[in-house]
Amino acid sequence: MMPRDYEIMFAFRRAIKRDIAGRYTISTVDFVKELGRLNWHYTLRAANTWIETHTTTFRDISPSDGEARLFQVFNPNG
């Protein structure tokens with residue numbers, strides 16, 4: 001079965017986690033894993049690029065350098 005574009009956003013939403021402080025985060029590792037379940041095969045770099053170009057409310061809070069990044073929802077309006 002061929003993957004469908006809407007499935008990328010579905011995988012993105014499934015990969016979002018809520019931490020103990022109540023913040024919503026997404027790791028590119030989890031995003032790639034969810035994409036794979038839907039027959040989408042992204043590299044970590046491609047997943048990062050997708051997040052950066054298709055979302056406006058996530059910022060990079062990665063604790064270290066590399067392609068395995070961590071993003072957090074932020075509210076630019078305070």
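The analysis underlying the following values was restricted to heavy atoms, covering all of them including side chains, and did not include hydrogens, waters or symmetry mates.
- Ring geometry for His54 against Trp50 counts as parallel: the plane angle stays under 30°, on a 0 to 90° scale with 60° as the upper cut.
- Between Phe58 and Phe12, a ring centre-to-centre spacing shorter than 6.0 Å is recorded.
- Residues Ala11 and Glu34 approach most closely at O-CB, 3.6 Å, considering heavy atoms.
- Surrounding CG of Asp19 are more than 12 heavy atoms belonging to other residues, nucleotides or ligands, all under 6.0 Å away.
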Side chain to side chain contact (heavy atoms under 4.5 Å, CB included) evaluation trace for Thr43 with Val32: CA-CA 7 Å; Thr43 63; Val32 167; over 6 Å; no
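- Contact detail for Asp60 and Leu70: the closest heavy-atom pair is OD1-O, 3.3 Å.
- Asn48 approaches Arg69 most closely through the heavy-atom pair ND2-CD, 3.4 Å.
- Note that the CD atom of Glu52 and the CZ atom of Phe71 stand 5.0 Å from one another [nearest 0.5 Å].
- Taking CZ of Phe74 as the reference point, atom OG1 of Thr56 lies at 7.0 Å (rounded to 0.5 Å).
- Residue Ile61 is not grouped with residue Tyr24 when hydrophobic side chains (ILVMFWY) are merged at heavy-atom distances under 4.5 angstrom, including chains of intermediate members.
- Listed here is the closest heavy atom pair of Thr28 and Ala68: OG1-CA, 3.6 Å.
- Atom CZ of residue Arg14 and atom CD1 of residue Ile26 lie 12.0 Å apart, to the nearest 0.5 angstrom.
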